[in-house]
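Right, one structure below, let's go through it.
Worth saying up front: this structure is predicted, and the values here are computed from it rather than measured.
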2 protein chains.
Amino acid sequence: MRIGELAERAGTSTRTLRYYESRGLLPARRTGNGYRTYDEDDLRLLRQIRMLQDFGFELEETRPFVDCLRAGHPAGDSCPASLAVYRRKLAELDGLIGQLADVREQVARQLAAAEDAAGEAASPRCEMTGP
Amino acid sequence: MRIGELAERAGTSTRTLRYYESRGLLPARRTGNGYRTYDEDDLRLLRQIRMLQDFGFELEETRPFVDCLRAGHPAGDSCPASLAVYRRKLAELDGLIGQLADVREQVARQLAAAEDAAGEAASPRCEMTGP
DNA sequence: GTAATCCTTGACGCCGACGTCAAGGCAAGG
DNA sequence: CCTTGCCTTGACGTCGGCGTCAAGGATTAC
């Protein structure tokens, strides 16, 4: 199949495919007229890449998976290098989530304090206002 | 004080201060020779900006806080517009953290499945191996 | 023959918050 | 006078993953 069909079947753009090729990730054969040609295996590679991209993996991080599939393994994550990437990514995600949770807490505290200050200003010294 | 001193006291760079000025966020007075001049109030504005930046706020999101301080309020978050930014940011953070947690789970599942598959291949059909 | 729809390469644009270099001005100390 | 160390503006570079033209060739449909 040609680049347009592959792009459509993978839910992406031809520009993306040419970009992947320029990065050496998804090279293409060529027909006599210079058109790129792909087969079903390429579609599998591409789907593997897209799945990881959707997870937020960088392109370079998808390379071990692609290499693994190209080496004939049944799945992109059947190789130790791919598992290593999974593990690094998990650690990275945990770190990031933790950081964001910290920031979230700090922002929440700032908001609460600012709202309190506003309430104070609106009705100051509410204590000792009873009979 | 001049730009170098302000940058140092706020723990940032002169390039950053010129950038903020170009964005209209932190304009500077000038001395006769064209040098930028800042005072303690500018330092307060700058510290407000840097704090929010450290939280991951975009520059534009810090503008309401700066305007609030410049309007004479005691704190950058003493104004409704600032509180609105806080709230938007909280929602944004919650969404982002949720997304990342989802991805983390999916990656963890992929990893577990791949590890299982590797174990299967190493010692297939472990069931029914007893006496 | 010609219009429509593919395809090709090349190259600039984008986004955010600056880093970094270039060329030159101003002030102070020795 | 000369060096040192501030300061000025201007402009290009960074990072990732593409989007979006531009100019032209190939194939198919009518």
Can you measure [X] atom [atom1] to [N] atom [atom2] for me and round it to whole angstrom units?
X     : N      : atom1 : atom2 : result
B:R30 : D:dC7  : CZ    : P     : 12 Å
B:L46 : C:dC18 : CG    : P     : 10 Å
A:E21 : C:dC7  : CD    : P     : 13 Å
B:R36 : C:dC26 : CZ    : P     : 16 Å
A:R29 : C:dT8  : CZ    : P     : 14 Å
B:M1  : D:dC7  : CE    : P     : 12 Å
B:Y35 : D:dG5  : OH    : C1'   : 9 Å

Between D:dT27, C:dT9, D:dT8, which one does the side chain of A:N33 approach most closely?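 So the side chain of A:N33 is nearest to D:dT27.
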Consider salt bridge (Lys or Arg N to Asp or Glu O under 4.0 Å). Of A:R29, A:R15, A:R36, which one does A:E21 pass it with?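 Result: among A:R29, A:R15, A:R36, A:R36 is the only option passing the salt bridge (Lys or Arg N to Asp or Glu O under 4.0 Å) with A:E21.
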Salt bridge check, B:R2 against B:E5: does any charged N sit closer than 4.0 Å to a carboxylate O?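 No.
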Between A:R2 and C:dC6, is there a contact of a side-chain N or O with OP1 or OP2 at under 4.0 Å?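 Result: no.
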Check [X] against [Y] and note the closest heavy-atom contact, atom names and distance.
X     : Y     : answer
A:E92 : A:E61 : OE1-OE2, 4.0 Å
A:L69 : A:Q48 : CD1-CB, 3.9 Å
A:G76 : A:S82 : O-OG, 2.8 Å

Please write out the pairs of protein N or O atoms and N or O atoms of nucleotides 16-18 of chain D separated by less than 3.5 Å, giving the distance to one decimal.
from	atom 1	to	atom 2	distance (Å)
D:dG17	OP1	A:L59	N	3.0
D:dC18	OP2	A:Y20	OH	2.9
D:dC18	OP2	A:Q53	NE2	2.6

Determine the contact category for B:R18: base if any of its heavy atoms lies under 4.0 Å from a base atom, sugar-phosphate if only primed atoms, P, OP1 or OP2 are that close, otherwise nothing.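 Base, at least one base atom sits under 4.0 Å.
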Run the side chain to side chain contact (heavy atoms under 4.5 Å, CB included) check on B:Y20 and B:Q53 step by step: do they pass? CA-CA 12 Å; B:Y20 290 172; B:Q53 283 277 88; 3.7 Å; yes
